[in-house]
There are 2 protein chains.
Amino acid sequence: MSGIVDLAAHVGVSPATVSRALRGLPGVSDNTRERIRLAADQLGYVASPSASSLPTGKTKAIGVLVPWISRWFFNAVVEGAQEVVAHHGYDLVLYAAGTSTSRPRTIDARVLSKRVDGVLALSVNLSHSEAEALQASRSALVTVGPAAPGFSSVSVDDVRVGIMATQHLLTLGHRRIAFFGGDPYDMFGFPVAPDRQAGYEKALRAAGIEPRANWILPAEFSVFGGESAFVQLWQEAEHPTAIVAASDEIAMGILHMARAMGVSVPGELSVVGVDDHDLSYLFGLTTVAQPVRHQGELAAELLLKLMKCGPSREPETIQVATVLIDRATTAPPS
Amino acid sequence: MSGIVDLAAHVGVSPATVSRALRGLPGVSDNTRERIRLAADQLGYVASPSASSLPTGKTKAIGVLVPWISRWFFNAVVEGAQEVVAHHGYDLVLYAAGTSTSRPRTIDARVLSKRVDGVLALSVNLSHSEAEALQASRSALVTVGPAAPGFSSVSVDDVRVGIMATQHLLTLGHRRIAFFGGDPYDMFGFPVAPDRQAGYEKALRAAGIEPRANWILPAEFSVFGGESAFVQLWQEAEHPTAIVAASDEIAMGILHMARAMGVSVPGELSVVGVDDHDLSYLFGLTTVAQPVRHQGELAAELLLKLMKCGPSREPETIQVATVLIDRATTAPPS
DNA sequence: CTGTTAGCGCATTCAT
DNA sequence: ATGAATGCGCTAACAG
């Protein structure tokens with residue numbers, strides 16, 4: 001309710017001085033500043049973000065674009081990011097962007113750039129026009145996951161992820177390995193699954209094995225996706241001895257359906273996932289772990305830097321390391 | 001970049017007309033309105049939220065207070081809420097409030113009320129002063145979960161939840177039933193666990209069984225909480241034949257540790273959780289399900305209504321129904 | 001070190 | 001149906 005002028009009047013100084021004092025700007029005597037601070041929280045004064053964003057052009061908020069709100073991976077990233085930005089006095093505005101196929105609300109770069117000072121795009125495949133608009137609005141943008149051309153990003157090496165998972169199985173002695181991943185309804189612009197698949201194929205070929213098309217199944221990034229794909233796979237005449245799942249959730253679906261269908265893991269079938277989901281250890285799931293929360297933190301820090309220093313000429317690309325966690329869903333083939 | 005005056009000039013009308021036209025207000029000829037709309041998205045004009053919030057006092061954003069970003073329950077609620085508010089043109093600002101004991105950042109009602117038009121508080125125990133401040137700032141507030149006195153809320157009947165879970169076990173023939181729940185470090189102000197416990201005790205007594213203090217263990221709302229509590233419980237001289245867990249995550253922890261310790265479920269031990277977590281069916285977990293996403297939707301709708309009609313005299317309290325889902329972790333005692 | 005002046009971009013009376 | 005004037009609450013450039 002009380003504005004800056006009331007406070008100023010109350011203390012007996014000008015609004016300008018109050019503004020400077022409260023924001024820690026130089027040019028205010030320690031004495032005056034203290035008096036103002038005191039009166040401020042005594043009167044419960046706090047500057048209106050809308051009002052200050054007008055002259056400054058800064059909103060002190062950063063936007064986060066996520067395909068789905070309620071998916072473990074994205075939440076973990078958001079959690080990491082939120083911690084960092086909050087620490088710097090920024091608020092987080094959450095936008096559900098949807099995927100390229102099911103997009104609840106088209107993200108408008110213009111409104112976005114008015115509301116926030118920077119945006120974090122998580123595995124969201126911006127359309128070409130959106131990317132351009134974002135680019136043009138010259139608002140800072142960093143992606144987590146697939147890098148958009150021209151933008152800074154934080155990610156893992158997905159090809160390598162595919163290689164690591166497959167290599168582990170190969171080392172165990174498997175020769176008949178399937179791959180689950182890639183949303184059939186979202187084949188375009190969501191390169192994480194294709195890259196992991198590429199790594200899988202690469203590792204296979206390096207071992208002198210030719211990938212079999214009927215053992216490479218599309219699967220939505222969810223438990224259900226893994227279940228469906230497994231059922232389909234098991235209808236094939238020949239069964240593999242191992243499966244690389246593009247995510248832990250897919251792997252969980254495999255595990256669940258395998259048990260239901262009487263396929264023993266890792267006896268008859270080995271399974272390796274990707275992510276190290278919070279609950280994966282409960283399943284004893286072997287997985288290629290990636291530091292999810294940390295990626296959120298890094299992305300937030302990178303974004304904050306970009307916002308401060310202006311977009312550097314060269315977009316920065318950070319890759320974080322992954323590590324295979326060998327648990328109980330993988331074993332030598334019988 | 002381009003402001004309302006540029007657009008107005010471009011079209012050859014006054015800024016006032018542009019403002020009215022774009023917001024669908026009456027008093028603009030259809031012809032003029034269409035011309036303005038056309039020019040608007042041709043020039044990529046969109047009103048600055050900060051600027052318009054100044055005269056109107058509305059920010060078109062609603063704030064969500066969550067104890068933890070990355071916990072299934074809260075995300076599911078947020079997902080429901082986001083869908084509803086986005087549909088009404090509102091943005092969602094996410095605040096990690098922490099619990100009463102570990103609060104990363106104290107939520108300032110004053111800054112909150114400047115940034116958002118209303119707030120959704122999820123299981124967050126506002127301190128008395130915070131509640132007062134929120135009250136005073138006269139910003140709309142609805143809670144999900146424990147109702148704060150004087151505020152509208154959406155929740156389940158937690159006492160009944162406790163009764164349902166316990167009753168199920170009782171009906172199965174169990175007489176020796178333990179209860180896990182309630183963060184030991186957050187005993188104050190987070191009434192969901194106590195209420196569920198109360199229901200547990202009530203059901204027990206109704207069956208002529210006196211609750212045993214050493215079978216009621218505090219447990220953080222997480223897998224780890226369930227694991228720790230189970231280890232502790234099993235050190236007791238006497239073991240129960242069943243456990244009521246205050247959440248599915250706690251139950252998962254029990255399941256995991258039981259298996260590790262060679263306790264068969266449901267052979268030697270029955271377990272029932274609460275929530276129906278997305279992954280619970282993978283464990284065959286018997287649970288008292290609550291419509292989590294729906295609560296988010298209801299809360300958002302209630303909040304929107306409050307914001308439109310002004311805080312009604314009587315705070316509205318919505319309770320949603322719960323249902324026991326009987327899966328595979330419960331059986332008659334052996 | 002502090003006060004004055006002038007906008008920031010829009011919504012809103014009140015005229016016309 | 002439209003335009004002109006005024007103000008929202010704050011910051012910034014310039015005085016003093």
Side-chain angles (χ1 to χ4, degrees), chain A residues 1-37 39-40 43-61 89 110-117 137 139, chain B residues 1-37 39-40 43-61 89 91 108 110-117 137 139:
Chain A
M1 285 296 84
S2 60
I4 199 174
V5 297
D6 303 310
L7 216 201
H10 184 83
V11 181
V13 294
S14 76
T17 302
V18 171
S19 177
R20 289 185 285 242
L22 259 25
R23 288 182 304 155
L25 296 187
V28 183
S29 78
D30 290 0
N31 174 27
T32 311
R33 192 188 301 275
E34 214 34 62
R35 269 170 46 225
I36 294 179
R37 279 206 178 120
L43 265 72
Y45 169 81
V46 61
S48 153
S50 326
S52 30
S53 85
L54 213 32
T56 62
K58 269 79 185 60
T59 62
K60 276 298 190 176
R110 296 165 290 174
V111 29
L112 213 59
S113 63
K114 302 273 186 165
R115 253 225 187 289
V116 301
D117 297 336
S137 72
S139 51
Chain B
M1 284 296 88
S2 59
I4 198 173
V5 297
D6 304 309
L7 215 202
H10 183 82
V11 180
V13 295
S14 74
T17 302
V18 171
S19 177
R20 287 185 284 244
L22 259 25
R23 287 182 306 153
L25 295 188
V28 181
S29 79
D30 290 358
N31 173 28
T32 311
R33 192 189 301 276
E34 215 33 63
R35 268 170 47 224
I36 294 179
R37 279 207 178 119
L43 266 72
Y45 170 80
V46 61
S48 154
S50 326
S52 32
S53 84
L54 212 31
T56 62
K58 269 78 184 63
T59 62
K60 276 297 188 177
D91 287 339
D108 190 329
R110 296 165 288 173
V111 31
L112 213 60
S113 62
K114 302 274 185 162
R115 251 225 189 290
V116 301
D117 296 337
S137 71
S139 51

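Hydrogens, waters and symmetry mates play no part in the numbers below; they use all other heavy atoms, side chains included. Throughout, protein chains are lettered first and strands after them, A, B, ... in sequence-line order, and every chain is numbered starting at 1.
Mapping B:Asp30 and A:Ile4 onto DNA chain D by nearest heavy atom places B:Asp30 at the nucleotide closer to the 5' end. Each of A:Pro15 and B:Leu54 lies near DNA chain C, and the nucleotide nearest A:Pro15 is the one positioned closer to the 5' end.
Residue A:Val13 is classed as a sugar-phosphate contact, given heavy-atom separations below 4.0 Å to backbone atoms only. Among the protein residues, B:Ala47 comes within range of the sugar-phosphate backbone only, with heavy atoms under 4.0 Å from sugar or phosphate atoms but none that close to a base.
Distance CG (A:Asp6) to P (D:dG9): 9 Å, rounded to an integer number of Å. Remark: C1' of D:dC10 and CG of A:Leu7 are 13 Å apart, rounded to the nearest angstrom. Atom P of nucleotide C:dT13 and atom CG of B:Leu25 are separated by 11 Å, given to the nearest angstrom. Between A:Arg35 atom CZ and C:dC1 atom C1' the separation is 12 Å, expressed in whole Å. With rounding to whole Å, A:Lys60 atom NZ is found 18 Å from D:dG9 atom C1'. One interatomic measurement links the two molecules: NZ of B:Lys58 to P of D:dC8, which rounds to 17 Å at whole-angstrom precision.
A:Ser14 has a side-chain polar atom (N or O) that falls below the 4.0 Å cut-off from OP1 or OP2 of C:dG3. Within the 4.0 Å cut-off from OP1 or OP2 of C:dA11, not a single side-chain nitrogen or oxygen of B:Thr56 is found. Phosphate contact (OP1/OP2 of D:dA1, side-chain N/O of B:Arg20, threshold under 4.0 Å): absent. Remark: A:Arg23 is in phosphate contact with D:dA12, judged by side-chain N or O atoms under 4.0 Å from OP1 or OP2. In terms of phosphate contacts, A:Ser29 brings a side-chain nitrogen or oxygen within less than 4.0 Å of OP1 or OP2 of C:dT2. B:Thr17 has no side-chain polar atom (N or O) that falls below the 4.0 Å cut-off from OP1 or OP2 of D:dT2. An OP1 or OP2 oxygen of C:dT2 is reached within less than 4.0 angstrom by a side-chain nitrogen or oxygen of A:Thr32.
In this structure, CZ on A:Arg20 lies 4.5 Å from OG1 on A:Thr17, to the nearest 0.5 angstrom. For the atom pair A:Ser53 OG and A:Lys58 NZ, the distance stands at 10.5 Å (nearest 0.5 Å).
With distances taken from any side-chain atom of A:Pro55 to the nucleotides D:dG9, C:dT12, D:dC8, the minimum falls on D:dG9.
For the residue pair A:Arg33 and A:Ser29, no side-chain donor N or O sits within less than 3.5 Å of a side-chain acceptor on the partner.
Residues A:Lys60 and A:Asp117 are not paired through a salt bridge, judged by the lack of any N-O separation under 4.0 Å between the basic side chain and the carboxylate.
The residue from B:Ile36, B:Leu22, B:Asp6 that alone fulfils the side chain to side chain contact (heavy atoms under 4.5 Å, CB included) condition with B:Tyr45 is B:Leu22.
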